[in-house]
Each structure stands twice: as C-alpha cells, then as structure tokens.
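All heavy atoms count here, side chains included; hydrogens, waters and symmetry mates do not.
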Amino acid sequence: MKKVRVISAEEAALLVNDGDTISTGGFVSCACPEALSTALEKRFVETGHPRDLTLFFAAGQGHRDGTGGDHYGHEGMVKRVVGGHWDRAPKLGDLALANKIEAYNLPQGVITHMYRDIAAHNIGTITHVGLYTFADPRNGGGKLNTCTKEDLVKLIEIEGEERLLYKGFPINVCFLRGSYADEYGNCTVHREIGPLDVTAQAQATKNSGGKVIVQVEKIVQGGSLDPKLVKIPGIYVDAIVVGSIEDNMQCLGMPYDGALTGEFRIPVDAIPPIPLDAKKILARRAAMELPQDAIVNLGTGAPEKIANVAAEEGISDKLTLTVEAGSIAGVPYGGTQFGAAANSMAILDHNVQFDFYQGGGLDVAFLGLAETAPNGDLNVSKFGTRLAGAGGFIDITQNAKKVVYCGTFTAKGLKTECRDGKLVITQEGSKKKFVNEVEHITFSGVYANKVHQPVLYVTERAVFELRPEGVTLIEIAPGIDLQTQVLDQMEFMPKIAEDLKLMDERIFKDELMGLAND
C-alpha cells in the first residue's frame, strides 16, 4: 500500500469543486468532521466558492449553533440538500423554508442504505419504508418546498407489492471523522460513539470516482492498528487531515467518555425517581405496554422518562434499549451525546441497526406525540416555520411490532396535579395536538391499519387506540371530565370505545405501581 497524503483542512477544502455532491458523516453532535466543514465554510465566505453544492447526509449534524450542517447554511453555497434530519442545522432549514434551495427529507434509515446501494451501483434503494408518508410520491416524495422539482422517489410494483425506489446519485466528496489513521490511510473509529456510516459512505464515494477525506486525531505507524478496528481501509482514502483537540471532540463540547465506546464500563447508580407530573404519568401508562424481555427503542422527550419509570419499578432488566445510531443495551444518553449509550453490549453500524429496525426487529417503539389526525396520521417533521425532519422516525414507527406514541394532550402552558389518585388540570395548554389534518404525514395511520400494526396514543389524561375506523378513545384518567377536558380540547370527534375504561389509578399515586409483579 502506498502512503496516504496528509494535508491541512484548508487544502482539503480546495478539493471540493463547484457543483459537487458532498456527503458528511456524524450523528447529531457526535463524530462530526468539524475541521473539514469549518474550512470549507471559510473558503466559501472568503471567495464565494465552492458554490451550488448538493449536501447529502443521513442523521442531522450539529448543535443548532453554527456547527455541523449549519456550516453549509449560506445562500449560494448549496443548491440542494438531501437529508434525513434537519433540526440540528436551522440555517439550512431557513434556506429551505424560504425556497432558496432545493430541499428533500428522506427517511434516515433509507439514506444509510442508499450509501450501500450507491457503492454497489444498484439502480437505487427499493423498500417499503416511507409508503403513505410524506416520502411517498403520492404525498410529495420528500420534497420540502415549491422550488424542489426533481423526483428522487418513485412508486413501483414488485411481485404485486407496492414499493418505493429511492434513486441514488454519485458522491463527489465525503468528509468523515475517524479516530486514528496509520501512514497508509487505514482509519479506526474506536474513540467515536460508533462506526455510524463511515464504511458505506467511503465506499459509495470511492466507487463514484470521488474523493474520501478523513479527519482524525493522530497518525500512527503503518500496520500498527488492530485490523479489526479499522472501519475505513486506506484503499478508500484520498487524504487525511489531523484536527485539533477541539475539532475531534467525541461529541461537540463534551470530553471523551470511554464508557460510550466500550473502553470501560461505569457503575450506574439507581436512577432517581422523577416527580409525579404529566410526563411521568404518561411514561407510567406507556411502560404498561412493555412485553416480557422487550427489544425497545425510546424516542427523545417524553418517551425518555420510560427508562426512569422502568428503573424505579425494578423492571429495567426486562427490556433491552437500543439506539438507532447502533448501540444495543446500555444506558442511552441525551443532549449533545444523543446517539451514544454507556455500557453497551454491542455497537453496530448505523445502517446495520436500521436493517434490524426495518425488518420488524423492535418489539415496541415509544415515540413522541405531536399533531395527530382522526385517521391516526402523525406529524413530527414539519410545523409551519419549523423544519425538524423525520430522522429515523419513519423507519422505526412503520416497522416496530407495536408503536406507542407518548405526549401531553395539549401543548404550550399545560399544568397538572395529582390529588387522591385523580388527575387535576390546573392550567390547560393553549395548543391542541389532536387536529383535523396534519401538516406532514410522518406516520401513516392508513398504512398501519393496512399491515395490522397495533398503535396507541398515550397522554396524561386519555389513551387512544388506532382501529380500522380511526383514532378511538379507550381510557380516560380518573378526575377528568370527558366533554370539557378531552372532547372539547380536540379538533375532531374521536370514536369512543363502548367499554371506555378508567386509566389505572396506580398511575396517579406517589407510591410504586408494582409493575414488576404485573
């Protein structure tokens, strides 16, 4: 093998040409190639080049502060963005909402598989994922604004079954993050939260005739790296850039934590009980849906509290938490370390984790509840002037054996109390979540009914089930008035189960529920 070129970040930025398609690695604030993206942004600001780029990424990258994807958020620098999650890069989102760039949101897991199909020169990525959602051409094909015209998603039929074809395209440059590189360009990722998509991205770029540039912490002697740790072989790599300590932080703004890489395990003290508020109420009710020895994915926000309830009730050993970034078991982290987990038993490639998810490997997924329509459709991806993107939401919710959506019944200002085993609304939220029509179909109730997927919508005051006839009220909290505090706070009239039940009164009391005995 020949020795790899070692260049500066500024020299790497000069390798990107006007009109190139560039793919960047990273997961939220983890494993972002900050030195490379910063240098490219600086070159554009100073010279106006490179311009008219196509930016292609799976997981959203950055911390909403100019990092990650926001380095590319300059008018003229990008002409098109194809991404799985947009929320981490608000500058890019603003350009999309202002109709100043072509913008696509495709399912995150699908994009991870597109890298592999581009590498293999397949016609595209063919999958059921995204059917009936906003990614379906019948609902916009993932386009986010009116200036976005090209169809990247096509509805096809194979063996009598509907499928979506996500069209691949060549990648001219990719910016990746590694840990160590040897003199021949072989790169490890052993100090990152996981391998993510670095292998597939490098292969896709190399087989497109493009340039693979990897940012690392240090360069070591050729042949001295454990080959089992090498995730980017030197034969794929065109250049190495050694970043600063700050540029190579495991997660933006956070020191290296070996518990997130499997270097060591840390003692995990008992998770302290959380106060009995609206989020704990819905987490308790959601936890009642956990099957024995469940393989689980917990979304961000309210669903995170289910882990607290499980620990408090002594049933943490009855479930295995997974994270779409690749971890199996362990303790998932949040904030800037979202995607990582301490004490994992395995850390898989991002795309391999989605193979499992898309094939129905999850027993149950708990995700956040936002706009919900009478037919069970849910929107978590686009709200007026806020562009969040779907991330892995579609891949996860469309394929889990059971989905439980968790969220407060109303938003903006809701306040609650529990008194004598009953729920009291002391201040109603000003924004209704159960609406006549969602702005974006991130989850399709029609598809869920078609494949007979069990779906629950759990709130602090009511529980709904998706049935063929639509969203159906099946439980109401003790102390809640059906008309004024449920039906009047919805834009539509739900179906009401003939055997409408009270939610378990244990949910609304301070003492343990006894879920371990259940």
Side-chain angles (χ1 to χ4, degrees), residues 271 273-324 331-332 334 362-370 372 376 378 380 393 396-397 399-411 414 416 418 421 423 433-434 442-443 445 448 453-467 471-478 480 486 497 501-518:
I271 301 175
I274 54 177
L276 186 57
D277 58 11
K279 288 186 177 180
K280 183 170 183 177
I281 290 168
L282 59 91
R284 278 180 155 185
R285 176 60 186 85
M288 295 171 70
E289 299 301 319
L290 284 165
Q292 180 78 17
D293 301 321
I295 303 171
V296 179
N297 177 277
L298 297 181
T300 58
E304 293 177 5
K305 305 297 183 184
I306 296 170
N308 296 80
V309 169
E312 186 179 332
E313 294 285 338
I315 60 171
S316 293
D317 61 341
K318 301 299 183 185
L319 65 153
T320 300
L321 298 179
T322 68
V323 179
E324 55 264 39
V331 182
L362 289 170
D363 292 310
V364 59
F366 298 91
L367 282 299
L369 185 152
T372 306
L378 202 86
V380 299
F393 192 94
I396 293 167
T397 61
N399 297 292
K401 294 182 179 70
K402 184 173 187 175
V403 183
V404 180
Y405 292 111
C406 312
T408 56
F409 192 77
T410 58
L414 174 67
T416 65
C418 290
L423 180 66
K433 289 187 177 181
F434 290 85
T442 327
F443 173 80
Q453 181 186 40
V455 182
L456 289 183
Y457 307 82
V458 174
T459 76
E460 80 288 349
R461 71 185 77 174
V463 179
F464 300 85
E465 180 180 56
L466 180 61
R467 296 181 177 178
V471 170
T472 303
L473 178 65
I474 61 172
E475 296 177 23
I476 187 171
I480 291 297
V486 177
K501 298 180 174 63
L502 282 179
M503 294 171 68
D504 194 319
E505 65 178 12
R506 295 177 299 169
I507 296 171
F508 305 93
K509 296 179 178 179
D510 278 317
E511 57 264 28
L512 291 177
M513 294 176 64
L515 290 183
N517 296 326
D518 292 349

Closest approach of [X] and [Y], non-hydrogen atoms and distance?
{"X": "T408", "Y": "E460", "value": "CA-OE1, 3.2 Å"}
{"X": "M503", "Y": "E475", "value": "CG-OE1, 3.5 Å"}
{"X": "V403", "Y": "Q453", "value": "CG2-NE2, 3.3 Å"}
{"X": "L515", "Y": "M288", "value": "CD2-CG, 3.9 Å"}
{"X": "N297", "Y": "T322", "value": "ND2-O, 3.5 Å"}
{"X": "L367", "Y": "P303", "value": "C-CG, 3.5 Å"}

Any chance you could lay out the salt bridge (charged side-chain N to carboxylate O under 4.0 Å, His left out) test for D277 and K305, step after step, and finish with the verdict? CA-CA 11 Å; D277 58 11; K305 305 297 183 184; over 6 Å; no
Just verifying a value: how many Å separate [X] [atom1] and [Y] [atom2], rounded to the nearest 0.5 Å?
{"X": "Y457", "Y": "T472", "atom1": "OH", "atom2": "OG1", "answer": "9.5 Å"}
{"X": "T320", "Y": "L362", "atom1": "OG1", "atom2": "CG", "answer": "11.0 Å"}
{"X": "L378", "Y": "T372", "atom1": "CG", "atom2": "OG1", "answer": "4.0 Å"}
{"X": "E289", "Y": "D363", "atom1": "CD", "atom2": "CG", "answer": "13.0 Å"}
{"X": "E465", "Y": "L473", "atom1": "CD", "atom2": "CG", "answer": "11.0 Å"}
{"X": "I507", "Y": "R285", "atom1": "CD1", "atom2": "CZ", "answer": "6.0 Å"}

Does atom NZ (K280) have a neighbourhood of more than 12 heavy atoms from anything else shown, all under 6.0 Å?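 Yes.
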Can you tell me if CD on E304 sees more than 12 non-hydrogen neighbours from other groups inside 6.0 Å?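 Above 12, so yes.
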Counting C-beta onward and ignoring hydrogens, is there a side-chain heavy-atom pair between [X] and [Y] closer than 4.5 Å?
{"X": "V458", "Y": "L369", "answer": "no"}
{"X": "L276", "Y": "I281", "answer": "yes"}
{"X": "L319", "Y": "L321", "answer": "yes"}
{"X": "M513", "Y": "K509", "answer": "no"}
{"X": "V380", "Y": "F443", "answer": "no"}
{"X": "V364", "Y": "L290", "answer": "yes"}
{"X": "R467", "Y": "I474", "answer": "yes"}
{"X": "E313", "Y": "D518", "answer": "no"}

For V296 and F366, run side chain to side chain contact (heavy atoms under 4.5 Å, CB included): C-alpha distance rounded to whole Å, both residues' side-chain angles, the deciding distance at 0.1 Å, then the answer. CA-CA 8 Å; V296 179; F366 298 91; 3.8 Å; yes
Decide yes or no on side chain to side chain contact (heavy atoms under 4.5 Å, CB included) for L502 and I476, but give the supporting numbers first. CA-CA 5 Å; L502 282 179; I476 187 171; 4.0 Å; yes
What class does the angle between the rings of F434 and F464 fall in, given that below 30° is parallel, 30 to 60° is tilted and above 60° is perpendicular?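 F434 vs F464 ring planes: tilted.
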